[in-house]
Structure formats: structure tokens, C-alpha cells
Engineer: 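So that we are looking at the same thing, I have put the structure below in C-alpha cells.
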Amino acid sequence: MTTSQQPRVQWQGRWSFLLAATGSAVGLGNIWKFPYITGEFGGGAFVLVYLMCIFAVGVPVMMTEISLGRRGRGSPVDAVRRVVNESGRGSMWSLVGWMAMICGFMILSFYVVVAGWSFAYVWKMLTGGISGTGVDDMVAVFTANNQNPLNLGFWSTLVTVATMFIVGKGVQKGIERSVSWMMPGLVLMLLLLIIYGLFSGGFIETVRFLFAFDAGSLSSAGMLAALGHAFFTLSLASGAILTYGSYLPKSASIGRTAIGVAIADTIVALMAGLAIFPAIFANGMDPGEGPGLIFMSLPLAFQSMPFGTLFGLLFFIMLSMAALTSSISMIEATLSWLCDNKGLSRPQAAWSAGIVLWLVSTLAMLSFNIGADWTLLGKNFFDWLDYLTSRLLMPLGGLGMVVLAGFVLKNETFRDELSLPPSLYAVWLFMVRYVSPLGIVVIFINALGLYQVTITADWPWLLGILVVMVVAGEALSPRIGRASAAR
Ligand code: PFF
């Protein structure tokens, strides 16, 4: 049990945190969302911006979040408040923590619906596979699965109950065990699909689609989607990584962990792209099909494969497990907050959060059947949850984190937590102070339609702004309580 009076529970063993953080990062975001938004936003250029966002914004933000968590030893709300107080700054900054915690809860409310699809497909594979031969049949199976609210609700409820059951059991027992065998299994399944795609057509087109850079194909909405997805896929600005960081022993290296998680996450996403698109191109499907993409294309691939139903079964089991190791991380912030502030035991916190979650996720589930027409500005409830979290709360929360780290908090906090050699520390500081905020702001300006940024044409003035920011930032920072990196 975790209360503020007792020393905080910590991860046991060297690999536990790395496994848990990877388990959180690798999930439906990599296998369900990355392929379908890549399809929607036109491929190569989107992938490039996404990769840039992962390494220029995501990794520095992840290092910041783990440091904040470990320093503040609490839920995002409590940890940020403590660290901010330590630096003698106003508690208004703990809003960043609140935003993250609420964002994680909102994501989970639609995530359980998608995880429910995966659970439902496990069942379909178990009970004889999916009948039908063409794309239309697959679309029909997916649509039928969604049309009945009782059916879809059953699966999302099952995911909610499973998540709450695991987290209710406690930090170590519940979370640590499942990740170590699930991740290699998932990579193996993706490898199998890639090898199959190599021989069954559509592979060359896939490589061209994912990696050919066509600057003209990327809209400003696509850039914002790429940034939002970088946060989503690394579980940032939603409380998960920060709370996991709060259980991290002092001896662990934060920089190495963050880079390790980002690399593993990127490999799985790119592998998912390479595994999924061949079936799409070979069957003449539209890559921009939307959220149902993998549930329509993969069963087709499995059907024409020897032992396809067995592989399909294994694949959807792995995907469901990957979804669970992410969903348990999303609720951990809320749980930790309830335990520390409301005096609840972990099981009590799990079940009370679970009831609220069930209500909200049921509304999200209804977006695929009776609530499909309950729309506001053309988006239903499910779409709004996805849109608000990925395109607004996460980029803004990320901006809050880097501004906190770069300008508000004392230098010693991060120097101490990160324990990096001076040159690497300077790189991290440069990223959180200048590169990440500039990237986030430029992408926002773009998406709001205030100005259309094209990297190829606009890089000179972007560089100019960066230089001005660096000069102003370095001149100001000693006065706002921060020493420069060199000192
Ligand atoms: N990173 C997870 C995925 O890619 O599926 C999603 C996620 C987990 C988002 C935890 C946010 C979070 F806090």
C-alpha cells in the first residue's frame, strides 16, 4: 500500500522499470494507431516528422517526467507540487500535474474500447476464425462487432475489469510480471507477418509508402497528429511515465532508460507498419481507412496464411496483453493520487476509479453504434476524447513540462536526478529549453492555421528564432533562478 506516511513502494530489480515503462509505451498506439494515422496523413513525410518528434521532443520530455516523478515521489499532482515547492515556485504549476492525470484518464476511456476490439478478435479466432474472403467481408465482420452495444460493451467492460483487477493487486505483483514475456512474443509475431508480407505482395509499395519522403504530402494537421502521436506512443504528458518514475530507485539511470524505451517503441511501431501495410496494398484497401484499419486488413493476411487462425489467435492475444500493460499504466496516476490523498487502499481506489471509467468508456463505446450521431462539430464522443488528448492536452502538457524543467525549477533538481556527464546534461537542457518548446509552438501555430510552416522554405527564420531564444534564455535564466548548463 502506498500512503504519504510510508516510504513509497519501489520497483524491484534492475529491469522492472524498463520493462514496465516499455510495456506502457508499446501498446495499441504502435500497432493500431500508428499505421492508421500514417495511412490517413499520407505516409513517408508523416513518419519522418513523427520520428523527429520522438527524439527531439519525446525523449527529453520523458527524461523530465521520470525525474519529476522520482524527485517528487508521488502522483503527477503531488510530485509536481513538491518539486515546484522545493524550487520555491508557486503551486499554480501543479496544474501541469492535474492536466496529465486527467489526460491519462481520458485516454483510458477510449483505449478500453479499442482494447475491447482486440479481445473480441481473440474470441473470434478461438471460435473458428473469421469467415469470408475479401475486404468487404472483413469490413462486415468489424462493423457487426461494433453495431451491437451489448456485444461491444461486454468487451470494453471486460478490459476495464481486467485493468482494475491488475492495478488493484499492487504495483509489483500486478504490473511487473506480464511484460517480460509479452514483448518478445509481440515482436516475434510482427516479424512473422513481415516475412509473410515479403512473399505475398505489397511489400515494395509498403516500404515506399512508409519511407519515401514527399514533403508536399504533409498537412499542418498531419504535423500536429505526428507530435500528438509521439506523446501518445511514449505515454507522455498523461501521468503514466511520471508515476512509474515515482517508484524508481535512486540508483537507476534515467537517460539510458528513456532512450531505451523510445528506441524499443519506435522499432515496434515501424515493424507494425511493415507488417500491416502489405496486406492493405495487396488487397487494394485504402490505407486511409481509419480506426478499423488493422482489424480489417490483418484478418485477411491471417486467412491466406498456413496456420493463419493459430497465428491470428496468438497475434491478438499479444496485442491484448500489450494493451493491458498500457492501460494499467494510464490509471496508475489516478490510483496513486487516490491512495495518497484520499486514504483509500489500492483495491478501493481501483474499484472506485473503475466505476467512473466504466461510465465514461461506455459513452465512448456507444459512439460505434447508437451514439454514432451524437456529434459536436462533426466528431462523436470517442473522436473527441482522442482529439482532445492527442492534439491538445498532450502537446500542451508536454510544453508545460519542458517550460517547468527549462526555466522554472532549480537546476540542481535535474542535475541531481539525471546524473549525466556535463556535456550530455547540456544537450538535454538545450532540448528542453529551446528545441522542444519551439517545435511544439511551431506545430501549434501551423495547426491553428495562423501560418503555414514548411521546413524546406522556413528553416532560416526558424533557426533565427532559435538563436534569439537561446540568447534571451541564457541571459534571463540566472535571473529567474536557474544557472546555465556550463556552471
Ligand atoms: N503508449 C500507449 C500506446 O502506445 O498504446 C498509450 C498510452 C499509455 C498513452 C499510457 C498514455 C499513457 F499514459
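As the structure lists them, so they are numbered: ligands from 1, and atoms in each ligand from 1. In this text, all values refer to a predicted model and were calculated from it rather than measured experimentally.
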Engineer: If you look only at pairs with a residue in residues 384-397, which of them pass as a side-chain hydrogen bond (donor to acceptor under 3.5 Å, both in side chains), with sequence neighbours excluded?
Structural biologist: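 For residues 384-397: K33-D386, K33-S390.
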Engineer: Is a donor from one side chain sitting under 3.5 angstrom from an acceptor on the other, for S336 and S75?
Structural biologist: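 No.
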Engineer: May I ask you to check whether W117 and F295 place their ring centres under 6.0 Å from each other?
Structural biologist: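 Yes: the rings meet the under 6.0 Å criterion.
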Engineer: Does any donor atom in the side chain of W358 or T157 lie under 3.5 Å from an acceptor atom in the other side chain?
Structural biologist: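 A pair is found: one side chain offers a donor N or O, the other an acceptor, under 3.5 Å apart.
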Engineer: If I compare all heavy atoms of P287 with all of F281, which pair ends up nearest, and what's the gap?
Structural biologist: CG-CE2, 3.9 Å
Engineer: May I have the N/O to N/O pairs between ligand 1 and the protein that fall below 3.5 Å, each with atom names and distance to one decimal?
Structural biologist:
from: ligand 1; atom 1: 1 (N); to: S24; atom 2: O; distance (Å): 3.1
from: ligand 1; atom 1: 1 (N); to: A25; atom 2: O; distance (Å): 3.0
from: ligand 1; atom 1: 1 (N); to: F232; atom 2: O; distance (Å): 2.8
from: ligand 1; atom 1: 1 (N); to: T233; atom 2: O; distance (Å): 3.1
from: ligand 1; atom 1: 1 (N); to: S235; atom 2: OG; distance (Å): 3.0
from: ligand 1; atom 1: 4 (O); to: A25; atom 2: O; distance (Å): 2.9
from: ligand 1; atom 1: 4 (O); to: G29; atom 2: N; distance (Å): 3.3
from: ligand 1; atom 1: 4 (O); to: N30; atom 2: OD1; distance (Å): 3.3
from: ligand 1; atom 1: 5 (O); to: L28; atom 2: N; distance (Å): 3.1
from: ligand 1; atom 1: 5 (O); to: G29; atom 2: N; distance (Å): 2.7
from: ligand 1; atom 1: 5 (O); to: Y111; atom 2: OH; distance (Å): 2.4

Engineer: Can you measure from CH2 (W337) to CG (D78) and round to the nearest 0.5 angstrom?
Structural biologist: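 Answer rounded to 0.5 Å: 8.5 Å.
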